[in-house]
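One structure below.
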Amino acid sequence: QVQVVESGGDLVQAGGSLRLSCAASGSIFSVNDMGWYRQAPGKQRELVARFSRGGARRYADSVKGRFTISRENAKVYLQMNSLKPEDTAVYFCYANVNSGGALRDYWGQGTQVTVSS
């Protein structure tokens with residue numbers, strides 16, 4: 001069993017900052033890439049930021065220069081600055097985990113970020 005748990009979502013005014021945290025735990029041999037997606041009402045889930053294999057960071061164009069992803073072992077963080085109303089969404093963390101020889105993605109339950117104008 002692998003669990004992925006996010007935290008840090010909140011209501012914030014435009015221009016403000018938030019820091020999201022995510023931790024993977026359980027039967028983990030190794031964690032490959034980790035990252036963040038988000039889903040706004042009526043829209044598809046979209047990539048926000050992730051660590052690719054080899055450690056390279058990848059960001060959505062809409063968040064470049066404002067969001068920063070960082071990682072420490074099986075934890076990943078998303079520092080979000082200069083937030084905009086269009087950043088309002090449920091933010092999901094995922095971890096690509098090697099658990100007992102099987103490699104698969106595990107997702108958290110999501111954390112709500114609401115940016116008021």
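Throughout, numbering of the chain's residues begins at 1 and tracks the sequence.
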*Closest contact, heavy atoms only, Ala14 versus Pro85*: CB-CD, 4.1 Å

*Side-chain hydrophobic cluster, 4.5 Å single linkage: members besides Met34*: Val2, Val4, Val12, Leu18, Leu20, Ile28, Val31, Trp36, Val48, Phe51, Tyr59, Val63, Phe67, Ile69, Val76, Leu78, Met80, Leu83, Tyr91, Val97, Tyr106, Val113, Val115

*State which residues pass salt bridge (charged side-chain N to carboxylate O under 4.0 Å, His left out) with Asp87; sequence neighbours excluded, sorted by chain then number.*
Arg38, Arg66

*Rounded to the nearest 0.5 Å, what's the gap from CD on Gln13 to OG on Ser117? Could you check?*
9.5 Å

*With sequence neighbours excluded, what pairs up with Glu86 under the side chain to side chain contact (heavy atoms under 4.5 Å, CB included) test?*
Lys84

*Under the side chain to side chain contact (heavy atoms under 4.5 Å, CB included) test, which residues partner Ser30, sequence neighbours left out?*
Asn32, Asn98

*Between the main-chain N or O of Gly9 and the side-chain N or O of Gln112, is there a donor-acceptor pair closer than 3.5 Å?*
no

*With sequence neighbours excluded, what pairs up with Lys43 under the salt bridge (charged side-chain N to carboxylate O under 4.0 Å, His left out) test?*
none

*Flag yes if more than 12 heavy atoms outside Arg45 fall under 6.0 Å of its CZ atom; otherwise flag no.*
yes

*When rounded to the nearest 0.5 angstrom, what is the spacing between CD in Gln3 and OG in Ser25?*
4.5 Å

*Hey, quick one: are Phe92 and Leu47 part of the same hydrophobic cluster, counting side-chain heavy atoms closer than 4.5 Å, chains of contacts allowed?*
yes

*asked:* Arg50: which residues meet the salt bridge (charged side-chain N to carboxylate O under 4.0 Å, His left out) condition with it, sequence neighbours left out?
replied: Asp33

*Is there a side-chain contact between Gln39 and Gln44 (heavy atoms, below 4.5 Å)?*
no

*Partners of Ser17 by side chain to side chain contact (heavy atoms under 4.5 Å, CB included), sequence neighbours excluded?*
Gln79, Asn81

*By ring-ring contact (aromatic ring centres under 6.0 Å, His included), which residues pair with Tyr94, not counting sequence neighbours?*
Tyr37, Trp107

*Which residue pairs satisfy the salt bridge (Lys or Arg N to Asp or Glu O under 4.0 Å) criterion with at least one member in residues 70-79, sequence neighbours excluded?*
none

*For Ser7, what residues pass the side chain to side chain contact (heavy atoms under 4.5 Å, CB included) criterion, not counting sequence neighbours?*
Ser21

*Could you tell me which residues satisfy side-chain hydrogen bond (donor to acceptor under 3.5 Å, both in side chains) with Asp105, sequence neighbours excluded, listed by chain and number?*
Asn96

*With sequence neighbours left out, what residues match Asp61 under side-chain hydrogen bond (donor to acceptor under 3.5 Å, both in side chains)?*
Lys64

